[in-house]
Asker: 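Sharing a structure, written as structure tokens. Questions coming.
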Protein chains: 2
Amino acid sequence: MISRQRDVPGATSAGPLSRRALDRLPVYLRRLNALAAAGTEYVSSTELAAAAGASRDLVRKDLSALGQLGRPGKGYPVGVLEAAIEQILGISTHQPVILVGAGHLGTALVQYGGFAARGLDVVSVLDADPQRVGQPCGQLTIEDASRAGEVIERTGARLAILTVPGEAAQLAADDLVHHGIRGILNFAPVELEVPEEVSVRVVDVSAELQLLAFHHISGEAGSAR
Amino acid sequence: MISRQRDVPGATSAGPLSRRALDRLPVYLRRLNALAAAGTEYVSSTELAAAAGASRDLVRKDLSALGQLGRPGKGYPVGVLEAAIEQILGISTHQPVILVGAGHLGTALVQYGGFAARGLDVVSVLDADPQRVGQPCGQLTIEDASRAGEVIERTGARLAILTVPGEAAQLAADDLVHHGIRGILNFAPVELEVPEEVSVRVVDVSAELQLLAFHHISGEAGSAR
DNA sequence: TAGATTGTTAATCGATTAACAATC
DNA sequence: TAGATTGTTAATCGATTAACAATC
């Protein structure tokens with residue numbers, strides 16, 4: 001179940017990125033974006049550590065996997081580090097994403113806007129409810145979910161956000177995969193069965209809140225990340 | 001930064017639960033709920049493993065921390081295991097939760113319904129926009145975020161879901177903590193600074209999607225959980 | 001009994017922290 | 001130079017897997 005370690009395609013050079021390190025890259029990147037906007041030139045591992053809730057040793061370890069980007073005594077050049085992480089995460093290549101399930105959650109995500117800054121374009125919203133088809137959702141118009149094949153072909157999307165009810169999720173996923181989707185961000189509280197070559201990430205909101213409640217009850221403190 | 005290991009208060013007996021094991025409990029529970037509803041009496045570690053995307057050895061290890069609940073040759077009694085996990089996660093004690101930020105995402109979560117089954121009641125929705133105050137949101141009526149103190153006192157909530165824009169998140173969190181909130185589920189793409197005794201869990205949707213895109217590009221396969 | 005499956009210990013693996021020389 | 005901070009190796013820690021006797 002644990003991902004096999006594998007070389008990162010676009011990596012400048014240097015060592016392997018652990019699975020956990022990879023999870024932290026977007027967090028570092030968010031901070032770097034803010035620092036770049038503010039015109040800051042260098043950032044220390046200590047500062048990035050505070051932003052990510054990690055130790056500074058860990059930050060240095062993570063970043064050393066991208067190459068020798070830092071300058072002893074000064075820190076890491078913001079722009080260079082930003083570019084290196086963006087390259088690893090493939091942001092330069094703008095990627096089309098489709099969203100299936102135009103309920104409140106789907107609508108929230110379409111309007112969220114945070115995707116564009118990360119190289120991801122929501123190019124189509126689909127829904128199975130004929131009543132919703134044709135209605136606006138953000139800047140887009142809701143399309144018929146039964147036409148997912150056409151939409152995927154037209155947009156070239158390989159990623160999908162799935163915000164349909166739990167009982168509809170597996171069928172929807174099957175359809176998406178059948179038509180070429182290779183990565184699914186699943187908001188339905190259901191474990192999807194997909195072919196080996198398809199990646200799935202699960203966002204289970206109630207599980208998160210339940211664990212938070214547990215942490216709270218048991219007196220656990222601090223960032224429960 | 002890593003949570004200190006600590007004895008679980010309501011634990012029947014038995015060993016310590018690792019942080020990762022704790023994360024898996026809600027997943028097991030979801031499956032157990034379904035099995036119980038179907039009238040199944042016993043479930044094997046193999047079946048739970050398939051549902052959770054873990055190995056069956058790991059499932060047995062996790063569950064052994066709850067006590068010797070299984071029967072060799074038969075499996076785990078569904079009802080007993082269900083009750084044990086619910087007790088650990090504190091579901092029996094229904095907990096009030098408030099939600100701050102009644103945009104699309106907040107509305108989606110209020111209407112989501114999956115919380116109730118997990119012992120969590122969304123008892124109030126708040127928003128800072130005077131235009132929204134007084135309007136309905138699911139079964140509730142939106143209240144004024146500036147009155148968070150009164151609401152928290154009235155409802156006794158110690159948990160909050162934060163679905164406000166990123167730039168408003170820290171101020172909102174400060175206010176909530178000031179009025180007694182001790183756990184925050186944060187959807188804003190911002191690292192919150194909170195006192196040590198407050199727990200925060202972050203749900204960063206665009207980071208998840210970005211990582212998914214990365215997995216996809218780099219040809220990584222399978223459940224990227 | 002034979003087959004299945006648990007609970008637990010030991011072995012492995014991966015990730016984090018500690019330490020420190022090298023460098024600005 | 002002195003102080004700060006990186007990059008990297010070794011030590012520690014925690015989590016997962018493997019193995020197997022005990023039990024239904």
Asker: For nucleotides 8-12 of chain C, list the nitrogen or oxygen atoms of the protein found under 3.5 Å from its nitrogen or oxygen atoms, one pair per line.
Answerer:
residue : atom : partner : partner atom : Å
C:dT8   : OP1  : B:Gln68 : OE1          : 3.1

Asker: Provide the full list of side chain to side chain donor-acceptor pair (under 3.5 Å) pairs with a residue in residues 166-177 of chain B, sequence neighbours left out, each pair given once.
Answerer: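 Those involving residues 166-177 of chain B are B:Gln170-B:Asp174, B:Asp175-B:His179.
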Asker: If the condition is side-chain hydrogen bond (donor to acceptor under 3.5 Å, both in side chains), which residues does A:His94 pass it with, not counting sequence neighbours?
Answerer: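 Testing A:His94 for side-chain hydrogen bond (donor to acceptor under 3.5 Å, both in side chains), a comparison that skips the adjacent residues, returns A:Asp121.
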Asker: Charged N to carboxylate O below 4.0 Å: is that the case for A:Asp23 and A:Arg19?
Answerer: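 The answer is yes: the pair qualifies as a salt bridge.
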Asker: Could you check whether any side-chain heavy atom of A:Leu105 comes within less than 4.5 Å of a side-chain heavy atom of B:Leu105, counting everything from C-beta outward?
Answerer: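 Yes, their side chains come closer than 4.5 Å.
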Asker: Please determine if a side-chain N or O atom of A:Arg24 lies less than 4.0 Å away from the OP1 or OP2 oxygen of C:dA15.
Answerer: no
Asker: List in numerical order all residues of residues 39-51 of chain B for which some heavy atom is under 4.0 Å away from an atom belonging to DNA chain C.
Answerer: B:Ser44, B:Ser45
Asker: What distance do A:Ile88 atom CD1 and A:Leu29 atom CG have between them, rounded to the nearest 0.5 Å?
Answerer: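 Separation between the atoms: 11.5 Å.
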Asker: Starting at CZ of A:Arg20 and ending at C1' of D:dT16, how long is that distance when rounded to a whole Å?
Answerer: 13 Å
Asker: Using a 3.5 Å limit on both pairing distances, list the dot-bracket string of DNA chain C from the 5' end; Watson-Crick and G-U wobble pairs count, crossing pairs take [ ], interstrand pairs take |.
Answerer: ..||||||||||||||||||||||
Asker: Could you check whether A:Arg20 pairs with A:Asp62 (Lys NZ or Arg NE/NH1/NH2 to Asp/Glu carboxylate O, under 4.0 Å)?
Answerer: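 So A:Arg20 does not pair with A:Asp62 through a salt bridge.
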Asker: What is the distance from CG of A:Asp23 to P of C:dT16, rounded to the nearest Å?
Answerer: 10 Å
Asker: Separation of A:Leu81 atom CG from D:dT6 atom P, in whole Å?
Answerer: 11 Å
Asker: Could you give the CG-to-P distance, from A:Leu63 to D:dT5, as a whole number of Å?
Answerer: 15 Å
Asker: Looking at side-chain heavy atoms only, is the closest gap between B:Ser45 and B:Tyr76 below 4.5 Å?
Answerer: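 In short, these two side chains touch, coming nearer than 4.5 Å.
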Asker: Between A:Arg31 and A:Glu47, does any side-chain N to carboxylate O distance fall below 4.0 Å?
Answerer: yes
Asker: Could you check how far CG of A:Leu69 sits from P of D:dG7, rounded to whole Å?
Answerer: 7 Å
Asker: To the nearest Å, give me how far apart CG (A:Asp62) and P (D:dT6) are.
Answerer: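 Roughly 13 Å, once rounded to whole Å.
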Asker: With a 4.5 Å limit on heavy-atom distance, are the side chains of B:Phe187 and B:Val164 in contact?
Answerer: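 Not touching, per the 4.5 Å side-chain cut-off.
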Asker: Find out whether B:Val122 and B:Leu109 are in side-chain contact, i.e. whether some heavy atom of one side chain is under 4.5 Å from a heavy atom of the other.
Answerer: no
Asker: So which protein nitrogen or oxygen atoms get under 3.5 Å of nucleotides 21-24 of chain C's nitrogens or oxygens?
Answerer:
residue : atom : partner : partner atom : Å
C:dC24  : O4'  : A:Pro72 : O            : 3.3
C:dC24  : O3'  : A:Arg71 : NE           : 3.3
C:dC24  : O3'  : A:Arg71 : NH2          : 2.5

Asker: Rounded off to whole Å, could you give me the CG-to-P distance for the B:Leu17 and D:dA15 pair?
Answerer: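 Rounded to the whole Å, the gap is 10 Å.
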Asker: Quick one: is B:Ser55 getting a side-chain N or O under 4.0 Å of the D:dT16 phosphate, OP1 or OP2?
Answerer: no
Asker: To the nearest Å, how far apart are B:Arg56 CZ and D:dA18 P?
Answerer: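 Going from B:Arg56 (CZ) to D:dA18 (P), I get 11 Å.
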